[in-house]
Enquirer: 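Please read through the structure below; I'll follow up with questions.
Below, chains carry the letters A, B, ... as their sequence lines are ordered, and counting in each starts from 1. Any value given below was found using the heavy atoms of this structure, including those in side chains, with hydrogens, waters and symmetry copies removed.
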Amino acid sequence: MPAEALRFYDTLTRRKVEFVPRDPGRVSIYACGVTPYDDSHLGHARPAIFFDVVRRYLTARGWQVRYVQNFTDIDDKIIARAAKEGVPPLELSARYADRYLAAMDALGVKRADAYPKVSEHIPLILEMVQKLVEKGHAYVGGGDVYFSVESFPAYGRLSGQRLEEIVAGARVEVGEEKRHPADFALWKAAKPGEPAWESPWGPGRPGWHIECSAMSLHYLGNHFDIHGGGIDLVFPHHENEIAQSEAYTGDPPFVRHWLHNGLVTTKAEKMSKSLGNFTTVEAILKDFPPEFVRYFLLSVHYRSPVAFSPEALAASRRGWERLLLTWYELNRRLGTALPGRAQRTGETGETRDTRETRETREGDNLLVNPEPLELSVAQARETFDRAMADDWNTPVAISALFDLARAVNLALQAGLPTAAGAGATTGGRPGPEAGDNVAAGLLLAGELFRELAVDILGILPGDPEAAVKGIGPATVTTARPVSEPAPAGAAGEAPVSARATPAAVAAATAPAAAAVAESGLVEQLVDLLLEVREEARRRRDFAQADRIRNRLGELGIVVEDTTAGPRWRRRRE
RNA sequence: GGCGGAGUAGCCAAGGGGCAAGGCAAGGCUCUGCAAAAGCCUCAUUCGUGGGUUCGAGUCCCACCUCCGCCUCCA
């Protein structure tokens, strides 16, 4: 992939900066995870998918990425919820953490390199709090430990506010022993019955912000590259992280760059648990394929809000389907010529050959003599890379795929060799060379589709035929525990739907194995019917052919005739 | 009130000083036994409003209007 300098918007400096990693060739990222006490919704999916794409893109650029995401597995809401359900808090949060992972798996989100939990890093946190007290940045009050914002002059820099302004809006809870309204708890004394850990200040538990400082520093070291999360975390969470971390290390900056994603809204309102207006990932995956959900979320720039509604989802469905069908057709035509995993195609820029081909073409009828596919491929790659390198502009990156899809369909339509034989042109320019050229172009296009749409964005399934026909490997229905390492195959490339099929999480209750066996049978039966239909068509017995097609249609099977033979897919509602 | 962000075609959405990407929808057409799919063409003298800077402004400046986020848990 060409080395277009990578630039992105840094929340701290409020402008686009050129990204240079702390360690050459390696990128360290920490993204704030969730507080698992309920099912995940689209608002959780957005940052997960966005950072997943960031990670995959950086990897594709040749960087080695270390990605860490935390679980805040002990806090007020977890305790409250656990009390309501009558289960131990840590058991509850562990359960929902696993459910979160299952949902993200289903969305094709690659597993992070580590998922540290607060409850498993208490000593680390205690040590940090202790040191902050010793250094005079924190003080003890009635079993609580507070960070003193006045001891940290740079406080407010990330959120662009001065202390006095913050004070105006700050609320002080009754009974708190803060010296300054903006001071925040590093350690909270336990109330009777609450889970607690021993500390020099009595039994208690960590405050909300300290965990991320302790764990990110622990896993990634000081000055790590990118710290991210939803934009709603800027203040106070990330502001506080900076303060306590830099006060602790005495060696700023805690983080080199801050990266925040915009929120998902419904009816012009932020989607959130507390507002009760959320749609769970599970619910959405009942109706939509995971790759489409990614497409939907990535079709808006990451810093802008995404307005979610069933209508919005439905409206963007068709466009995605065009991409999918093109990808499907590309796979059909290329057959085994298209490797399961695209090779890095090296320098595929515009070559002298492509230029010459273009210049020497006769006539202007594009339908008969399409612009060399190689050129379109090179353009798509360049546009894609430029877009991604310029503040992760996924909408433009996706538009490059639409342009490529058009070029591919045009080439396909011009009459091209099928996978079976390279000479079988039905239209197009006469002569075997033209066919060969286009076949080569199609191969390049196929490889690029896989590289950009499947491997980096994850908006198209790795196996489009299986996806389109509703068959394929068993769905991931049970979450691997957090502690369990990701499967080996998922390390480098993540074919999104090789594992996660449309139903994914939603299908948790379905007998997966049986379903797969059945869909295999369906596939064979449909193929059989289509063979019969082809015979009928050859006899010009269109009544019979149409009957088969219509009946299949009633069963939800769409049949389409193409120059390369009939193809079918399941209809999506 | 303070801080941050947004208003671009019927809808979604890029762009961000040199005469408006992409997608959906709509209309016309081509291919096809028919259909579907695909392709071609049409679809914003105009970028919330009013001023200003400039040879030139969605793009910069000022004011105003509307909306959203944060300031409390939040992805």
Side-chain angles (χ1 to χ4, degrees), chain A residues 11 14 31-35 40-48 50-51 69 72 75-77 156 159-162 164-171 173 182 208 228-237 239 260-265 268-275 295-296 299-301 303-307 311-312 314-323 325-326 328-329 365-367 370 383 387 390 393-403 405-415 427 537 540-543 545-546 549-550 553 558-563 566-569:
Chain A
T11 311
R14 292 206 179 72
C32 283
V34 296
T35 300
S40 310
H41 56 71
L42 256 201
H44 300 121
R46 166 118 107 146
F50 170 61
F51 282 100
Q69 189 183 17
T72 302
D75 96 318
D76 292 344
K77 278 192 271 198
S159 56
Q161 304 190 91
R162 283 167 302 156
E164 313 87 77
E165 291 159 351
I166 296 171
V167 172
R171 300 174 199 183
E173 310 255 331
W208 174 35
I231 198 162
D232 53 349
L233 292 180
V234 170
F235 190 89
H237 187 54
E239 189 74 71
H260 291 100
N261 62 273
L263 306 177
V264 177
T265 63
E269 221 182 25
K270 169 184 175 178
M271 178 182 286
S272 75
K273 293 264 172 64
S274 40
L275 289 171
Y295 167 87
F296 177 75
S299 65
V300 178
H301 188 85
R303 281 194 278 126
S304 303
V306 173
E311 297 74 38
S316 62
R317 183 67 175 266
R318 299 278 164 70
W320 175 77
E321 245 160 36
R322 208 174 96 218
L323 247 26
L325 290 179
T326 301
Y328 172 33
E329 192 60 17
N365 192 337
L366 290 179
L367 204 117
T383 300
D390 183 12
N393 197 332
T394 53
V396 171
I398 289 172
S399 80
L401 292 173
F402 274 104
D403 290 338
R406 180 182 297 107
V408 166
N409 285 322
L410 203 51
L412 246 19
Q413 194 168 86
R537 291 184 73 216
R540 304 195 66 78
D541 181 359
F542 295 121
D546 288 350
R549 187 174 60 195
N550 289 340
V558 179
V559 175
E560 295 164 344
D561 298 316
T562 77
T563 54
R567 70 175 185 188
W568 65 273
R569 63 176 196 270

Enquirer: Looking at Arg537(A), I'd like to know whether one of its side-chain N or O atoms comes within less than 4.0 Å of OP1 or OP2 on rC34(B).
Expert: no

Enquirer: Look up atom CZ in Arg549(A) and atom CG in Asp561(A), then write down how far apart they are to the nearest 0.5 Å.
Expert: 6.0 Å

Enquirer: Let me know the distance between CG of Asn409(A) and P of rG23(B), rounded to the nearest Å.
Expert: 12 Å

Enquirer: Looking at every strand, decide which applies to Lys77(A) at a 4.0 Å heavy-atom threshold: base, sugar-phosphate, or nothing.
Expert: base

Enquirer: Please determine if a side-chain N or O atom of Arg406(A) lies less than 4.0 Å away from the OP1 or OP2 oxygen of rG23(B).
Expert: yes

Enquirer: Looking at the angle O4'-C1'-N9-C4 for a purine or O4'-C1'-N1-C2 for a pyrimidine, is rG33(B) syn or anti, with syn meaning within 90° of 0?
Expert: anti

Enquirer: Return the value, rounded to whole Å, for the distance between atom CZ of Arg14(A) and atom P of rG5(B).
Expert: 7 Å

Enquirer: Between atom CG in Asp232(A) and atom C1' in rC3(B), what is the gap in whole Å?
Expert: 15 Å

Enquirer: Please report the distance, rounded to the nearest Å, between NZ in Lys273(A) and P in rC73(B).
Expert: 16 Å

Enquirer: Identify whether any heavy atom of Val234(A) sits under 4.0 Å from a base atom; if not, whether one sits that close to sugar-phosphate; answer base, sugar-phosphate or nothing.
Expert: nothing

Enquirer: Write down the protein N/O and nucleotide N/O pairs, taken from nucleotides 24-27 of chain B, whose separation is under 3.5 Å; answer none if there are no such pairs.
Expert:
from: rC24(B); atom 1: OP1; to: Arg322(A); atom 2: NH1; distance (Å): 3.0
from: rC24(B); atom 1: O2'; to: Ala315(A); atom 2: O; distance (Å): 3.3
from: rA25(B); atom 1: OP1; to: Arg318(A); atom 2: NH1; distance (Å): 2.9

Enquirer: To the nearest angstrom, how far is His237(A) atom NE2 from rU72(B) atom C1'?
Expert: 15 Å

Enquirer: Given the C1' atoms of rG69(B) and rC60(B), what is the spacing between them in whole Å?
Expert: 26 Å

Enquirer: Starting at CD of Gln413(A) and ending at C1' of rC29(B), how long is that distance when rounded to a whole Å?
Expert: 13 Å

Enquirer: Who does rU45(B) pair with, Watson-Crick or G-U, both distances under 3.5 Å?
Expert: none

Enquirer: Between Lys270(A) and rA75(B), does any side-chain N or O lie under 4.0 Å from OP1 or OP2?
Expert: no

Enquirer: What nucleotide among rC34(B), rA14(B), rA37(B) has an atom nearest to a side-chain atom of Val300(A)?
Expert: rA14(B)

Enquirer: Please give, in whole Å, the distance from rG69(B) C1' to Gln161(A) CD?
Expert: 12 Å

Enquirer: Identify which one of Asn261(A), Val264(A), Ile231(A) satisfies the side-chain contact (heavy atoms from CB on, under 4.5 Å) criterion when paired with Pro47(A).
Expert: Asn261(A)

Enquirer: Which listed nucleotide (rC70(B), rG39(B), rA75(B)) is nearest to the side chain of Phe235(A)?
Expert: rC70(B)

Enquirer: Looking at rU32(B), which nucleotide sits across from it as a Watson-Crick or G-U wobble partner, both distances under 3.5 angstrom, or is there none?
Expert: none

Enquirer: Base, sugar-phosphate, or nothing: which does Asp76(A) touch, judged by heavy atoms less than 4.0 Å apart?
Expert: nothing

Enquirer: Tyr295(A) has an atom OH; how far is it from atom P of rG22(B), in whole Å?
Expert: 13 Å

Enquirer: Rounding to an integer number of angstrom, what distance separates rU54(B) and rG4(B) when you compare their C1' atoms?
Expert: 30 Å

Enquirer: Could you measure between the two C1' atoms, the one in rG18(B) and the one in rC29(B), and give it in whole Å?
Expert: 36 Å

